[in-house]
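None of the values given here were measured: they were computed from a predicted structure. Read the numbers this way: they start at 1 and go in the same order the structure lists the ligands and their atoms. All values below come from the heavy atoms of this structure, side chains included, with hydrogens, waters and symmetry mates left out. Heads up: numbering here begins at 1 and tracks the sequence.
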Amino acid sequence: MEQLSLYGGYALSGETTVQGAKNSALPILAATVLSGEECILENCPHLSDVETACEILRYLGAQCTWEGETLFVCCKDLRENTIPQALMQKMRSSILFLGALCARTGRAELSMPGGCQLGDRPIDLHIDALRALGAVVETSDAIVYCQGGDMGGGSYRFPFPSVGATENAMLAAMGCKGPVSLENPAKEPEISDLGVFLQQLGATVGGIGTEVMTILPPQACKPVRHRIIPDRIAAATYLCAVASAGGKIVLQNVDASQLTAVIAPLRRAGCKIRIRGDTLTAARTGALAAPGMVATAPYPGFPTDAQTMLLAAMLRADGITGVQERIFSDRFRQLPQLQKLGAEITIVADTAYVTGVRRLYGAQMRATDLRGGAALAVAALAAEGESIITALDHLDRGYEHIERDLCNLGAKAERKISTR
Ligand code: UD1
């Protein structure tokens with residue numbers, strides 16, 4: 001078993017290049033199923049979730065090969081339209097193969113997906129959207145059966161702009177005979193990246209990032225070379241790291257326009273953040289001030305994936321920080337771990353309140369999920385002495401080499417084999 005050892009209490013100083021976005025790579029990997037031509041994905045992050053997507057693709061009959069940060073995928077000879085339960089269980093976004101397989105082969109049979117435990121994660125909106133486009137979907141004994149050979153297209157209005165359901169509908173749209181209109185879709189940058197990828201395949205995609213997205217599939221897909229967008233949540237993690245530890249860092253490969261909602265509370269907390277092209281410089285040299293209340297919301301609101309890190313960064317801030325979680329029902333699971341460092345946290349309904357303390361002390365903590373695990377690392381940077389974080393498999397799902405990035409940024413971080 002591996003663990004991350006972090007010696008906190010030191011200001012950061014360094015530079016790192018932010019990886020490609022996990023939440024962009026995964027739907028785009030599902031989208032490669034749509035095409036019999038080669039898809040070349042640049043800036044693709046080496047993550048265990050991306051490896052799982054490759055395992056699924058290989059099981060389906062695809063070829064996936066890496067050359068550095070570039071992933072070559074060819075789904076010319078697909079031989080399956082079911083995915084074994086063990087692979088489905090490994091991550092939530094395995095469900096995106098439902099829309100993609102239906103579009104390509106007219107049929108899919110998948111078990112319910114796994115993923116981080118963040119509360120209820122149903123797939124009712126995915127199913128409703130696919131049905132609206134003309135698919136016949138049935139569920140029984142936690143298996144989803146989807147017949148999509150005769151999807152005519154049409155329109156669907158999302159009651160809530162679900163990221164995964166929007167992606168599944170976009171993928172299914174590629175197998176429809178007529179145009180598709182998606183109202184109130186998710187507008188996350190990763191949705192836009194998928195839209196651009198579908199355009200490169202040859203689809204006509206309109207209204208990306210707006211209230212109504214339209215998709216008209218191509219007659220035949222074209223080969224694609226696509227660069228995955230930078231990971232805004234990894235960037236947010238390192239911005240929170242410098243807020244927590246103090247110091248000055250430089251992040252390369254960042255699209256700051258996608259981080260507006262994260263940068264605002266960090267600036268209120270006293271961080272100086274400068275944007276120049278795709279380079280972001282962040283410094284915290286003075287005291288940390290609590291930024292007040294933050295509420296998570298669909299993009300362009302404050303991302304639920306970054307709230308765990310913001311709370312962790314504010315454990316020593318002067319004043320009270322409140323984070324209201326409005327997307328997932330159980331996203332404060334890491335907070336008891338942070339209390340081991342000496343943090344003062346209370347939860348009232350859907351809001352967590354952090355009252356800044358003067359000092360934090362290193363402790364052994366267990367990652368509860370991907371972003372909860374990242375929050376432990378952010379907090380440990382401000383805790384005196386050594387902290388140990390276990391259950392690193394959660395972190396490895398979303399961060400290429402978190403210890404490498406943290407070391408580049410000047411942290412004393414080391415991945416070790418646990419002796420216990
Ligand atoms: C994606 C991201 C995840 C991020 C989340 C919200 C990926 C791989 N994961 O997850 O990192 O935290 O967006 O930005 O991109 N819901 C339903 N029915 C459905 C689908 C969703 O009720 O059919 C609810 C969920 O329970 C949750 C909310 O909608 O409360 C948001 O979920 P959704 O936007 O679908 O998130 P994911 O796609 O699972």
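Of the polar atoms of S162, at least one N or O is found under 3.5 Å from an N or O of ligand 1, judged by distance alone. Backbone and side-chain nitrogen or oxygen atoms of V163 are examined, and one is located within less than 3.5 angstrom of a nitrogen or oxygen of ligand 1. Between P161 and ligand 1, no N or O atom pair is found at a separation short of 3.5 Å. On a distance-only criterion, P122 and ligand 1 share at least one N/O pair closer than 3.5 Å. An N or O contact shorter than 3.5 Å is missing between F328 and ligand 1 by distance. Checked against a 3.5 angstrom limit, the closest N/O atoms of K22 and ligand 1 fall outside it.
Looking at L125 against ligand 1, both its backbone and its side chain come within 4.0 Å, counting heavy atoms. At a 4.0 Å heavy-atom cut-off, ligand 1 does not touch E167 at all. Within the 4.0 Å heavy-atom criterion, neither part of E325 lies near ligand 1.
Salt bridge status for R331 with D305: present, with a side-chain N to carboxylate O gap under 4.0 Å. Ion pairing of E37 with K222 is absent here, as no side-chain N (NZ or NE/NH1/NH2) approaches a carboxylate O to less than 4.0 Å. Note on E211 versus K187: salt bridge recorded, some NZ/NE/NH1/NH2 to OD/OE distance being below 4.0 Å.
Within a 6.0 Å sphere centred on CD of Q63, other residues, nucleotides and ligands contribute 12 heavy atoms or fewer.
With sequence neighbours excluded, no residue forms a side-chain hydrogen bond (donor to acceptor under 3.5 Å, both in side chains) with E188.
The ring pair (Phe, Tyr, Trp, His ring centres under 6.0 Å) analysis of residues 48-70, with sequence neighbours excluded, yields the pairs H46-W66.
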